[in-house]
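Just so you know, ligand 1 is whichever comes first in the structure, and atom 1 is the first atom listed for that ligand.
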Amino acid sequence: MTLFDSPAFEGHEGVHAFSDEKTGLKCIIAVHSTARGPAAGGCRMWPYPSADAALEDALRLSRAMSYKNAMADLALGGGKAVVIGDSRTQKTPALFEAFGRAIEDVGGKYWTAEDVGVSPEDLMHARTQTRYVAGLTGHPAASGDPSPVTAEGVFRGIQLGVRRALNRDLDGITVAIQGVGHVGGFLADKLHAAGAKLIVTDVNEEILREVAGRTGAKVVAPAAIFDAEAEVFAPCALGGAVNADTLPRLRAKVIAGGANNQLADPETGRSVYERGLLYLPDYVINGGGIINVAGEIRALDLGEAFDPAWVEMKLSTLMLTLDEVLDRSRTERRPTDQVANEMARARITLAAEQKAAA
Ligand code: NAD
């Protein structure tokens, strides 16, 4: 199969491959869509077993960013960069400077930010070569750590889901959180403050103890979180938490968390729906982080300081969009993830048509 026939490539505007012999950089920048604005999405550094595996990941992730940015109503398209290599042993300042030159070569069609294996410090090196880098600290337009804003969106999403599914507020509700790192940790604090009871797990015992200590959460082993007696299951670790094995074990009525790719596949989305569980689509409920990053891109473009009020306005709009997804799912009797995908695609198509007509 050639690249152009690959299902993952479908809909992509461009894929750029770069190598730099001196620094060892091998990276792929996938631009799925610029219909709504320049493509934006983080850079992942991962020891992919092959260039094909890296390409597949870049394509999958860049399309997901188009959908996420469209649902967050941002003037941004979707893109993603992957750097092939082990972030623990192969990072150098020169490597990320070379990555910065690669971004510059894409000519402003792609803005990068942090993702797995890439830190703000790495991005500072890229920034010396190109302006198309966001998610930094230390300048007036900088947006800093996106996790608290992601967690705030997830918190409001859980409130919405509980109101819809159980007709209650969060006081006295039990939420099971899988993964209490950046997003899960902030989320636990917010839920605790709202009177929710928590059941938490993490493979990192130190973080787990810390979060349980300050929120009074009950701690369970990682494998036991799927059996927790809770009204809400909040996946905040890695992808694929809801799958054919775990779904029958869930006691929750609402699935709402910060992790990306929570459903193992679209069939799982249908099973969730048929079992009567309310799933709040991951890339909608966790859009707070990219909204924060977009706030930095906007500030840089305008030559202004970062504006938290703009971020709040976008986050409030995101919650209205989430509500619309749930409404449509109910009236059209379709899984929420299907509805969200269709809305995202419609927004991107409309923007492309408007751009073509302009
Ligand atoms: P993080 O690494 O800080 O936290 C993830 C936590 O999950 C870690 O503490 C890790 O030990 C734990 N974990 C890993 N495997 C686990 C398992 N099997 N069982 C239990 N715990 C496990 O990452 P984060 O920034 O909090 O992101 C969490 C998720 O949210 C990721 O899927 C990420 O892609 C997504 N996300 C994050 C943001 C953001 O702003 N940080 C934005 C959107 C989406």
Margin query: Under the rule for salt bridge (charged side-chain N to carboxylate O under 4.0 Å, His left out), what residues qualify as partners of Asp73, not counting sequence neighbours?
Written below: Arg36, Lys314
Checklist line | Nearest-option assignment for atom 31 (C) of ligand 1, heavy atoms, candidates Gly258, Ala237, Gly288 | finding: Ala237
Next item on the list: Pick, from Val154, Val203, Val180, the option with the minimum heavy-atom distance to atom 19 (N) of ligand 1.
Entry: Val203
Checklist line | For atom 25 (O) of ligand 1, closest protein heavy-atom neighbour | finding: His182 CB, 3.7 Å
Distance-only check: which donor-acceptor pairs under 3.5 Å involve side-chain atoms of residues 39-48, not counting sequence neighbours?
| residue | atom | partner | partner atom | Å |
| --- | --- | --- | --- | --- |
| Arg44 | NE | Asp115 | OD2 | 2.6 |
| Arg44 | NH2 | Asp115 | OD2 | 3.0 |
| Tyr48 | OH | Asp57 | OD2 | 2.5 |

Item checked: Any side-chain heavy-atom pair of Arg334 and Tyr273 under 4.5 Å -> no
Next item on the list: List every atom of ligand 1 that sits less than 4.0 Å from any heavy atom of Asn286, numbering the atoms from 1 in the order shown and giving each element.
Entry: 43 (C), 44 (C)
Note to self: Among all protein heavy atoms in this structure, tell me which lies nearest to atom 6 (C) of ligand 1, with the distance rounded to 0.1 Å.
What the structure shows: Asp202 OD2, 3.6 Å
Next item on the list: Without swapping roles, check the side chain of Glu296 against the backbone of Leu136 for a donor-acceptor pair under 3.5 Å.
Entry: yes
Next item on the list: Please work out whether any backbone atom (N, CA, C, O) or any side-chain heavy atom from C-beta onward of Thr150 is under 4.0 Å from ligand 1, and answer side chain, backbone, both or neither.
Entry: side chain
Check: Looking only at N/O atoms, are Thr201 and ligand 1 under 3.5 Å apart anywhere?
Finding: no
Checklist line | Gly179, Cys236, Ala221, Ser147: member with heavy atom nearest to atom 5 (C) of ligand 1 | finding: Cys236
